[in-house]
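A quick write-up on the structure given underneath.
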Amino acid sequence: MDERPQENVKFETFTVTNTLKDLCLNNNSVSISGSDSLNSCSNNGSSSSSSLQDVNINKNSVSISLCSSVSESGNKISVSKNAESSDCEESEKSSFRSFCPSKPHKGNDRRWDAIQYVKGKDGDLGLAHFRLLKKLGCGDIGSVYLAELRGMGCLFAMKVMDKGMLAGRKKLLRAQTEREILSLLDHPFLPTLYSHFETEKFSCLLMEFCSGGDLHILRQRQPGKHFTEPAARFYASEVLLALEYLHMMGVVYRDLKPENVLVREDGHIMLSDFDLSLRCFVNPTLVQSCSEPSCRISSYCIQPACIDPACKLPVCVEPACLQPSCFKPRFLSSKTTKVKSEKTNLVNSDSFPVLIAEPTNARSMSFVGTHEYLAPEIIRGDGHGSAVDWWTFGIFLYELLLGRTPFKGNDNRETLFNVVGQSLKFTEGSSISFAAKDLIRGLLVKDPQKRLGFKRGATEIKQHPFFESVNWALIRSTHPPEIPKPIDIPLLNQAFKSSLPSNDKGATDSDRSSGPYLDFEFF
Ligand SMILES: Nc1ncnc2c1ncn2[C@@H]1O[C@H](COP(=O)(O)OP(=O)(O)OP(=O)(O)O)[C@@H](O)[C@H]1O
């Protein structure tokens, strides 16, 4: 199996956060509720110019020297190594119906009900409520286990993080960011955070379990180690919808790669791993878009529209044009006047309302991602926004279709130089369609402002001929290219028992999991 080096790089300078709790769009109204918080922001638009001067990378460390006029300082550098399920037993207990206002799409999910039932019965959740069946994998900030909620027959993926380790390795903020982002999400192709609980030693996230492995593993199993075009289109279109939703929620994902795209038991995907994501300020702005005279009123802002807390913009809504065809919700910052006016022009040139939800003005100077997937603007240290996700989407599609990434060098340093300086090439004789190549070329444009998706976000990409056959509204009903084998819980239980050390074989489940100091490494 071809292994990608498991390092992610992270060079963090600042984080702008936003808590957009709920964005609700329907035919007649746009309503946004939530609270914005600016946790720490030392750069919101200050000019910066950097060039890659020297990059030294070895197995365990990354050091980057930037010839830079970026004024932010105090930078931290850290290098990281790197189903929808029917598994719940139908039981009387699950007739307990939970109300989940923050995740309206989970209303009929039995796992919610099971969790609520146990919480209602026992108070808070704890490790003793679960039987850990298997270690699914291990990331930079924790290990993920397949966990069964005792007596309910529901499977979950439980991410367990050692709080001492997080504090010692200064990863508390990463863990907190991931948790905050997970708790915002309610989308079919993104993970559901069912619960979070703490023990004295561990912080545990309870998420949906994906039984189909990840797309990296699945790709290796394909003939020629690449997907057919219809299969690649299927996975890419679901990922695109997930990215679109994330951008709407003010999250720039920044870590797209096949390893982070998990396959649910129904064959649809789930994007995972948010600890490198950037939360940024989203500024929903209603912009007129129709040419009817009644709509010729300037932009509407429905929330103060500035990253800078000192900026006091009026809250204004002009009711005369609150018709569905008359506005487009946009997320724009007052800091990027040029971008804003370009976008407004673009919006006005369209005849149909289009949802565009791009925090393209968000700027981070962090050096994060996986080398082969890093966008040129991240490597150059130019500052980056949501367009990095469209770059990584291009690399992702290339890898699904061709079985390798386009700029891979002999080592990480060469890879980074290739990303910045080498032009895109397709393997001689590769049989991918013109539409696929054209889409990849549009996405892998080195200048983020000229990249497909920069101006109108996912909408622009969805309209590309490569996706012509995709019915976006019914994508969840599309038959996936592959459906994983169902999980055999009794077999897992048996494997779990035989994996116990011999002197533990007589121990009951409750013996093993009741204490707060459960040793997670015994698997
Ligand atoms: N919901 C899930 N269902 C099934 N397997 C999962 C799930 N979440 C994570 N995994 C598995 O657990 C492994 C560890 O995941 P985790 O998100 O902690 O770290 P990672 O993806 O390796 O990256 P990082 O180091 O950046 O956190 C993954 O490789 C994945 O295979």
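In each ligand, atom 1 is the first atom listed, and ligand 1 is the first ligand listed.
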More than 12 heavy atoms of other groups within 6.0 Å of K121 NZ: yes

Atom indices of ligand 1 within 4.0 angstrom of M270 heavy atoms, with elements: 1 (N)

N or O pair under 3.5 Å between M207 and ligand 1: no

Candidate pair K257 and T370, rule side chain to side chain donor-acceptor pair (under 3.5 Å), full reasoning: CA-CA 8 Å; K257 53 184 174 180; T370 303; 3.0 Å; yes

N260 and ligand 1 - part of the residue with a heavy-atom distance under 4.0 Å: side chain

Contact check, E178 vs ligand 1, heavy-atom distance below 4.0 Å: no

Spatial distance of atom CE (M161) from atom CZ (R179) [nearest 0.5 Å]: 8.0 Å

Test side chain to side chain contact (heavy atoms under 4.5 Å, CB included) applied to N410 - qualifying residues, sequence neighbours left out: E414

Heavy atoms of other groups near N471 CG, more than 12 under 6.0 Å: yes

L136, D273, L276: member with heavy atom nearest to atom 5 (N) of ligand 1: L136

For V144, atoms of ligand 1 separated by under 4.0 Å from a heavy atom: 8 (N), 9 (C), 10 (N), 12 (O), 14 (C), 15 (O), 18 (O)

Ligand 1 versus S143: contacting region, heavy-atom distance under 4.0 Å: neither

Sequence-distant partners of Y253, side chain to side chain donor-acceptor pair (under 3.5 Å), two or more places apart: none

Non-hydrogen atom of S272 closer than 4.0 Å to ligand 1: no

Step-by-step side chain to side chain contact (heavy atoms under 4.5 Å, CB included) determination, H371 to L416: CA-CA 7 Å; H371 297 87; L416 296 185; 4.0 Å; yes

Atoms in ligand 1 flagged as close to A157, the criterion being non-hydrogen separation under 4.0 Å: 1 (N), 2 (C), 3 (N)

N/O separation below 3.5 Å, E208 to ligand 1: yes

Per-atom contacts, ligand 1 versus C138 - under 4.0 Å to a heavy atom: 13 (C), 14 (C), 22 (O)

Under 4.0 Å to a heavy atom of G139 - the qualifying atoms of ligand 1, by number: 14 (C), 18 (O), 19 (O), 20 (P), 22 (O), 25 (O)

Side-chain donor or acceptor of K446 paired with backbone N/O of Q422 under 3.5 Å: yes

D124 side chain to F197 backbone, donor-acceptor under 3.5 Å: no

Per-atom contacts of ligand 1 with D140, taking only distances under 4.0 Å to non-hydrogen atoms: 24 (P), 25 (O), 27 (O)

For F209, the ligand 1 atoms whose distance to one of its heavy atoms is below 4.0 Å: 3 (N), 4 (C)

